[in-house]
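Structure record follows, encoded as structure tokens.
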Amino acid sequence: MTDMRARLGHAELPNPILTASGCAGAGRELAQFFDVARIGAVVTKSVMLAARAGRPTPRMAETPSGMLNSIGLQGPGIDAFLQRDLPWLLSRGARTMVSIAGSTVDEFAELAARLSDAAGVTAIEVNISCPNVEHRGEVFACDAGAAAAVIEAVRARARYDIPIFAKLSPDVTDIVAIARACVTAGADGLSLINTLLGMAIDVDTMSPALAGTTGGLSGPAIRPIAVRCIWQVRAALPDLPIIGMGGVRTGRDALELILAGATLVSVGTAIFHDPSACVRIARELEEELTSRGIERLPDAVGLAHESRKAARRRLAGTARSAVGRKP
Ligand SMILES: Cc1cc2nc3c(=O)[nH]c(=O)nc-3n(C[C@H](O)[C@H](O)[C@H](O)COP(=O)(O)O)c2cc1C
């Protein structure tokens, strides 16, 4: 059997499958289906400083092979999270990656400082797909300078031994430029990808399907985009830990992201119709790796890049010998 252990900063995980932020609350809802310590880690819904109600309903719409959501950053705020959710996750032996979101750089920094004083934080995922209220509402993740400013501030206030992952948006022209800016600013890894901005219109009512008009597209429809983003970032920054996500429903899907360069894989939308999806996908992934004779999970990370290089070398060799041959 393949050795499925993976790393998240200093923590050893039993396997590389995580929940995706916003798709499993703070893990409590999943505990009725399986022991939350069995999966790699729980990634929490993005926590903000203050409690928020989220956006108006309807805020979910089904689309072909996907889903649109405009939940917004609904949640009880950092105080309730620290009092109630984090101690619960710790008591269950779960590894916890806390996702944070803010509307100013200072809010992100304050959240990092508050989490650094608490027990049970394995890593911080910085959700920079939020509007920057100090800059005309432009999404932090869509501007390299704004993204870097958030990561630099979070790194400065977070405890040195807590790894920081910047979660990037695919809604940019050059994701590698944003990735590089975040890494230069101190990110220890990247989470790829957040939802894509989409919209659906109900042709019966002849009005937008979501009360918030636009929403984030997730599910299998976005997996090729996730694979492309992970591939591009892995090619540019080969040693960087990447948490891959976007449309993973099976162990085979998870393997696709790993072959592109993901070191860990988060599962989001699939949890809504199969709450045990993370446990099932971890088992299926192990079977996929074992059947390919891969002894250790890290041996599969980015393997598709190696196969591509080997194929290129083979082609170049064939071309050279063809040139050398007499007609
Ligand atoms: C209902 C819903 C809520 C989400 N909330 C958050 C969130 O709070 N923070 C965040 O960083 N991403 C959030 N996401 C994005 C997911 O974490 C993930 O990046 C995206 O959905 C792609 O993965 P998937 O196709 O497996 O769902 C949310 C996604 C969904 C579907």
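FYI, the numbering just counts along the sequence from 1. What's counted below: heavy atoms across the whole structure, side chains too, no hydrogens, waters or symmetry copies. Both ligands and their constituent atoms are indexed starting at 1 by order of listing.
The closest approach between a heavy atom of A270 and any atom of ligand 1 is not below 4.0 Å. Residue contacts with ligand 1: I193 is included, with a non-hydrogen atom under 4.0 Å away. At least one heavy atom of G246 lies less than 4.0 angstrom from ligand 1.
If you number the atoms of ligand 1 from 1 as listed, the ones under 4.0 Å from a heavy atom of A20 come out as 17 (O). The atoms of ligand 1 that sit less than 4.0 Å from any heavy atom of N194 are 10 (C), 11 (O), 12 (N), 15 (C), 19 (O). With ligand atoms numbered from 1 in the order given, ligand 1 contributes 31 (C) to contacts under 4.0 Å with heavy atoms of M67. Shown in contact with M245 at under 4.0 Å from a heavy atom are these atoms of ligand 1, numbered in order with element: 19 (O). Here is the list of ligand 1 atoms found below 4.0 Å of a heavy atom in L73: 8 (O). Close approach to G247 involves these atoms of ligand 1, each under 4.0 Å from a residue heavy atom: 24 (P), 25 (O), 26 (O). The atoms of ligand 1 that sit less than 4.0 Å from any heavy atom of T269 are 24 (P), 25 (O), 26 (O), 27 (O), 31 (C).
The nearest non-hydrogen atom to atom 14 (N) of ligand 1, considering only S21, P170, A24, S46, comes from S21. For atom 29 (C) of ligand 1, the nearest non-hydrogen atom from the set S218, C23, G268 comes from C23.
The shortest contact between atom 18 (C) of ligand 1 and any protein heavy atom is with K167 NZ, 3.7 Å. For atom 20 (C) of ligand 1, the closest non-hydrogen atom on the protein side is T195 CG2, 3.8 Å. For atom 3 (C) of ligand 1, the nearest non-hydrogen atom of the protein is G22 O, 3.5 Å. Nearest protein neighbour of atom 8 (O) of ligand 1, counting heavy atoms only, is K45 NZ, 3.1 Å.
Remark: side-chain polar atoms of T263 are paired, donor with acceptor, to backbone N or O of I242 under 3.5 angstrom. Side-chain atoms of D188 do not come within 3.5 Å of backbone N or O of P241 as any donor-acceptor pair.
One finds the CD atom of E306 at 11.5 Å from the CG atom of L259 (value rounded to the nearest 0.5 Å). Considering SG of C229 and CG of L168, their distance stands at 8.5 Å, rounded to 0.5 Å. With rounding to the nearest 0.5 Å, the separation of OG1 in T63 from CD1 in I222 is 10.0 Å.
The 12-atom threshold is exceeded at CZ of R159, counting heavy atoms of other residues, nucleotides or ligands nearer than 6.0 Å. Counting non-hydrogen atoms of neighbouring residues, nucleotides and ligands closer than 6.0 angstrom, the NE2 atom of H305 exceeds 12 such neighbours. Annotation for R249: atom CZ does not count as buried by contact number, only 12 or fewer foreign heavy atoms lying within 6.0 Å. Under a cut-off of 6.0 angstrom, the local environment of CD in E138 is crowded, with over 12 non-hydrogen atoms contributed by other residues, nucleotides or ligands.
Under the 30°/60° scheme for interplanar angles, the aromatic rings of F108 and F140 are found to stand perpendicular.
Here N69 has side-chain heavy atoms under 4.0 Å from ligand 1, and that is the only part of it that gets that close.
Checking T290 against T2 by side-chain atom types alone, a donor-acceptor pair falls below 3.5 Å.
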